[in-house]
Number of protein chains: 2
Amino acid sequence: MRDVPRVSEEHLIARREQILDAARVCFLSKGLHNTSMQDLIQEAGLSVGAVYRYFKSKNEIIVAIAGTVVGTVQEHIDEVAGRRLPLADSMSVVLEAIDQQLGPGGFLPVALQVWSEATIDPTIGAIVKDRYEALRSSIRALVVHAVEDGELAPETDVDATTAVLYGMLPGYALQRMLTGLPDKATYMTGVRALISRR
Amino acid sequence: MRDVPRVSEEHLIARREQILDAARVCFLSKGLHNTSMQDLIQEAGLSVGAVYRYFKSKNEIIVAIAGTVVGTVQEHIDEVAGRRLPLADSMSVVLEAIDQQLGPGGFLPVALQVWSEATIDPTIGAIVKDRYEALRSSIRALVVHAVEDGELAPETDVDATTAVLYGMLPGYALQRMLTGLPDKATYMTGVRALISRR
DNA sequence: GATAAAAGAACGAGCATTCGTTTTAGGAGA
DNA sequence: TCTCCTAAAACGAATGCTCGTTCTTTTATC
């Protein structure tokens, strides 16, 4: 139509992702606030102007990261919910996914930064709340299945049980990030002991 | 001895506490890094020089806050461990203490800031690790009591069970801080359902 | 050749911290 | 008890630096 020197749309998306990847790397090692735009720009291998073409402020980058970082475990849980495994096995799969994200390069340390920011910045608070409520309802589906399949008693309080199982996930992640303990196998032993008791 | 115009030791301690109180207030509302020394100094009602007499840097203040913020729940748990209540009741008391610290003025939002910092700053990481390992062993005592009193099966894996119960605490606190749900009663229903099953 | 995209020098604001000065507490001497 | 005196304590203007962001210039694309 117009005579335009425009670059492919994939290229634009790729550039955006390139910036967000750099942001994740920087935020992981230096934290949200100790990462300067200079750090981030250098990590991305771009220029100041290029980055500001895609995000109009540092805060906008943080918001974008908040949106992605929170969504990753979601997919694992939804996928596992579809499989209708025994509850303990589902939990095991989810914990495995968490475990993989704990190490260097994993997104969970960045997620912790985001949680912290969420209590301060209402925009990020809203994003986090939205995402984690979706996560909760995925866990809830696991509990509903367990009741339907007779694995949990019919009179089980679904919401209450959901809340506790849901809490076990960040409970595990936080323990590991802050103290290093326990390993996944130990934690799963405890989880099984609680949910598989007759 | 010397002819000294020195102020009472309580006064020195009180001034220190005055600064730390101001820091807690600021960190709660603006976060560790968006709080400037000016903010903190104004909140404390002191002068720049006065604050720098007691702490030689902003980071030193953050470290001091990390030490105190993490220690408060500890006392509640130790106190409750001494009472040898049924396990679920002990958990209820601890969750009540957590609940009180969730609202405005409570220290848990500041604790979340500190956890986040702990993954970045090794000094704070060490403090947090130390404090939360102490907390873990307090929880462990509750589990040991429950086994001794026949409330949990003799073959219970104490460390695994400790890990899960321990995880339930930040699991609850995080849910509440990030999503607002669930209320304590609901969560306790879930906890009781899991640990009191025969 | 026209315009989007990328570059990077420059800028002002705000930061943590320093330091020379002023105030204050409290013991010594009368 | 009152008055100096001194060092600690408090003060706050000044400093240097780094930050996020803007804006003009250059490059690349169709």
Side-chain angles (χ1 to χ4, degrees), chain A residues 1-23 25-27 29-66 113 117 120-121 123-124, chain B residues 1-23 25-27 29-66 113 117 120-121 123-124:
Chain A
M1 312 268 146
R2 313 232 309 290
D3 76 322
V4 269
R6 200 175 288 143
V7 108
S8 75
E9 184 147 349
E10 306 92 61
H11 180 251
L12 294 176
I13 293 173
R15 268 276 190 276
R16 223 184 117 93
E17 205 48 55
Q18 178 182 358
I19 293 167
L20 291 179
D21 284 345
V25 170
C26 290
F27 292 166
S29 67
K30 311 187 75 178
L32 262 40
H33 296 283
N34 289 331
T35 295
S36 70
M37 286 301 275
Q38 292 293 347
D39 295 336
L40 194 157
I41 285 159
Q42 182 160 5
E43 177 67 35
L46 291 172
S47 67
V48 179
V51 169
Y52 273 89
R53 175 160 302 281
Y54 292 89
F55 296 92
K56 72 173 197 287
S57 71
K58 181 182 178 181
N59 205 60
E60 203 167 88
I61 295 177
I62 294 177
V63 168
I65 288 289
Q113 307 272 335
E117 194 67 11
I120 301 302
D121 179 333
T123 303
I124 292 177
Chain B
M1 311 272 149
R2 315 234 307 291
D3 75 322
V4 269
R6 198 175 291 143
V7 109
S8 75
E9 184 148 349
E10 305 92 61
H11 179 251
L12 294 176
I13 293 173
R15 267 275 190 277
R16 224 185 115 91
E17 205 49 56
Q18 177 183 358
I19 294 167
L20 290 179
D21 284 345
V25 170
C26 291
F27 291 166
S29 66
K30 312 187 73 181
L32 260 41
H33 296 284
N34 289 330
T35 294
S36 71
M37 286 301 275
Q38 292 293 347
D39 294 336
L40 195 157
I41 284 158
Q42 182 160 7
E43 176 68 35
L46 291 172
S47 67
V48 179
V51 169
Y52 273 88
R53 175 159 303 282
Y54 292 89
F55 297 93
K56 73 172 196 288
S57 71
K58 182 181 178 182
N59 205 60
E60 203 167 89
I61 294 177
I62 294 178
V63 168
I65 289 289
Q113 307 273 335
E117 194 68 10
I120 301 302
D121 179 333
T123 303
I124 293 178

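So that the names make sense, note that chain A is the first sequence line, chain B the second, and so on, each numbered from 1.
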Any [X] side-chain heavy atom under 4.5 Å of [Y] side chain:
| X | Y | value |
| --- | --- | --- |
| A:Q113 | A:I62 | no |
| B:I61 | B:Y54 | no |
| A:K58 | A:L40 | no |

Contact under 4.0 Å: B:S47 side-chain N or O vs D:dA10 OP1/OP2: no

B:Y54 vs D:dA10: side-chain N/O to OP1/OP2 distance below 4.0 Å: yes

Measure [atom1]/[X] against [atom2]/[N] and give the value in whole Å, please.
| X | N | atom1 | atom2 | result |
| --- | --- | --- | --- | --- |
| A:N59 | D:dG20 | CG | C1' | 12 Å |
| A:I62 | D:dG20 | CD1 | C1' | 12 Å |
| B:K56 | C:dA16 | NZ | P | 17 Å |
| B:Q38 | D:dC11 | CD | P | 13 Å |
| A:K30 | D:dT18 | NZ | C1' | 12 Å |
| A:Q18 | C:dA6 | CD | P | 9 Å |
| A:H33 | D:dG20 | NE2 | P | 11 Å |
| B:Y52 | C:dT18 | OH | C1' | 9 Å |

Looking only at the side chain of [X] (C-beta and beyond, no hydrogens), which of the listed nucleotides [options] gets closest?
| X | options | value |
| --- | --- | --- |
| A:R15 | D:dT21, C:dA6, D:dA9 | C:dA6 |
| A:M37 | C:dT18, D:dC11, D:dG20 | D:dG20 |
| A:V48 | C:dT17, D:dT21, D:dG12 | D:dT21 |
| B:S36 | C:dA5, D:dC11, C:dA16 | C:dA16 |

Given DNA chain C, 5'-ward residue of the pair A:R53 and A:G49, judged by closest heavy atom: A:R53

Backbone N/O of A:S36 and side chain of A:D39: donor-acceptor pair under 3.5 Å: yes

Flag if over 12 foreign heavy atoms under 6.0 Å of CD, A:E60: yes

